[in-house]
Amino acid sequence: MAKKVALLQGNQACAAGAVYAGCTFFAGYPITPSTEVAEELSNDLPKIGGKFIQMEDEIAAMAAVIGASLTGSKSITATSGPGVSLKQELIGYACIAEVPCVIINVMRGGPSTGMPTGPGQSDVMQAMWGTHGDHAAIALVPSTVQEIFTETVRAFNLAEKYRMPVQVLFDEIVGHMRERIVFPEPGELEVINRTAPTVSPAEYKPYDATKGQVPPLASFGSGYKFHVTGLNKAADGFPTTKAEYVDAEERRQVNKVMDNVADIESNEEYLTEDAEVLIWSYGSTARSARYAVNELRKQGIKVGLFRPVTLWPFPEKRTSELAKQCKAIVVAEMNLGQMVYEVERAAKGNCVVVHEGRVDGEPINPGQIAAKVKEVM
Amino acid sequence: MSQRYELRFSGAGGQGLITAGIILAEAASIIEGKRAEQSQSYGPEARGGASKSEVIISDGPIDYPKATIVDICLAMTQEAADKYANGIKEGGLLLLDADFVKNTPQGNFKVYRLPIMRMAKEDVGREIVANVVALGAVVGMTGVVSRDAAEQAVLRKVPEAFKDLNKKAFNLGYEKGKELLN
């Protein structure tokens, strides 16, 4: 049977991906340019027995997502930069309480209200360090409508597998752009569900590290009772200030991600084998970069593209390797310089690292990237 | 690398030019099986203001989703013509609404005029289908998708009660667009 195809916006593909992954709960406070994610899910979720709630504000929406997830529902919210700023306290809460959830950030410019209908990529550091305290983060940065679908599914998988919030960041361009998508059949993409406890409710401890780096999570309403708090806590979930517990728990929560980078990372490389100059770019800007690579290659310039799909954890190993091979790396991103600092750090002085940015609400075009490549040749 | 064909529909917000772009992209990608992408840019206004919708059609993968060198540009208003009738390739096409664009943008491209809003109002009977008249004209002028594919795509998009109206609008635009280049 022929697969179902459609011409969809990135935001619509995101909603479809959420449903495919088994999402049954959305809470949000619709904001441009992410609104279509909410619009689609308000239509789709009730049909599959799910819940859609438009909350009174962004903070409440994030709280509802955490609450719903603790009852066992795969939960999502969608917003843009101003909303993600408001959600930070609760994103930190989801980190320490280890509650799986997915946060979609369709990026526009900023700070504050910025330019609602224009694209931006200036929330990428916020995705890692927006909430305070030591923590690990997972952030995915798809660049096509099809990839928004698959990465939304993967975001749910990673959230459930590692018991934590996962952010998916794309910008207004891919969020609003329409392109053809081929819907995966049920079963074609892996769908991961959280691990439930095997012990009795009386024996259950929600943060029991002896059960593994990611302890099983019981659902409220299934007979298991436990304490959930933003305070540092012992295995039973109750607050503690005992140094050995606090230290071990903080480290476990970071290590559960950093020990599994190989499972979480995802990158695409294009013509990097013989590249002398590397363009390091993600999201919609990587599309301009790929176009620029093709144009430059026609002129005999040995240039390649490294495109992270997992932005956090940072693709440290491969970026370091490529820095040893290349003369220069051009980091193209729609901001005044964010990921370029991570690339510089990973390059360890082995090559020149330069930034090509733009913040006027227009995309970085291929010509702009090509000119920068020629400048560093 | 594959051939890109770039189209830009511009006018006032609320004139349905984003919809026209979506219909064309569906005709190309879903009905004809080519690669097509539609993107848009608009201001914060719900109505009014200049808006544009771009469609890229290609036989291969489309990396950069915005226009690089425009093959054909449509401008329905003076503001849109002033703001968006640029980046048109040498020898490319610019279609203007004859009544609403008085100052003709200058450049190394061919300029054509049709009273699109007036045709929709007087010949088809409803101003609201001006976007479909315009789409018909652009398809008639360029042949970038077949007449059949475009008509099918229009009809997939509109409710039953408006099918005849839109069919009439599309075909009127198509015929007039084709005549322009003869």
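Quick note on labels: first sequence line is chain A, next is B, and so on, each numbered from 1.
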| A/E295 and B/Y64: CA distance, side-chain angles, deciding distance, side chain to side chain contact (heavy atoms under 4.5 Å, CB included) verdict | CA-CA 12 Å; A/E295 292 294 313; B/Y64 186 57; over 6 Å; no
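- Interface remark: of the candidates A/Q9, A/R287, A/E179, A/R287 forms the most heavy-atom pairs closer than 4.5 Å to chain B.
- In terms of heavy-atom proximity, B/Q40 sits nearest to A/H176 at NE2-O, 3.1 Å.
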Side-chain donor-acceptor pairs under 3.5 Å in residues 173-180 of chain B, sequence neighbours left out?
unit_1 : atom_1 : unit_2 : atom_2 : d
B/E175 : OE2    : B/R147 : NH1    : 3.0
B/E175 : OE2    : B/R147 : NH2    : 2.9

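- Crowding of B/I128 atom CD1: a count of heavy atoms from other residues, nucleotides or ligands under 6.0 Å not exceeding 12.
- The contact between B/A25 and chain A is made by backbone and side chain atoms together, counting heavy-atom distances below 4.5 Å.
- Neither the backbone nor the side chain of A/I181 comes within less than 4.5 Å of any heavy atom of chain B.
- At distances below 3.5 Å, not a single donor-acceptor pair connects side-chain atoms of B/E37 with backbone N or O atoms of A/M177.
- Within 6.0 Å of atom CZ in B/F162, 12 or fewer heavy atoms from other residues, nucleotides or ligands are found, so the atom counts as exposed in its surroundings.
- Atom CD of A/E188 sits in a crowded spot, with more than 12 heavy atoms from other residues, nucleotides or ligands closer than 6.0 Å.
- Per-residue counts of heavy-atom pairs under 4.5 Å with chain A were compared for B/Q38, B/E26, B/R35; the largest is that of B/Q38.
- By number of non-hydrogen pairs under 4.5 angstrom with chain B, the leading residue of A/P363, A/G367, A/S284 is A/P363.
- Within 6.0 Å of atom CD in A/Q299, more than 12 heavy atoms from other residues, nucleotides or ligands are found, so the atom counts as buried in its surroundings.
- Neither the backbone nor the side chain of A/A286 has a heavy atom closer than 4.5 Å to any heavy atom of chain B.
- Nearest heavy atoms, B/I22 versus A/L7: O-CD2, 3.7 Å.
- Counting non-hydrogen atoms of other residues, nucleotides and ligands closer than 6.0 Å to CG of B/L181 gives a total above 12.
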| side chain to side chain contact (heavy atoms under 4.5 Å, CB included) evaluation trace for A/N365 with B/T68 | CA-CA 8 Å; A/N365 61 52; B/T68 52; over 6 Å; no
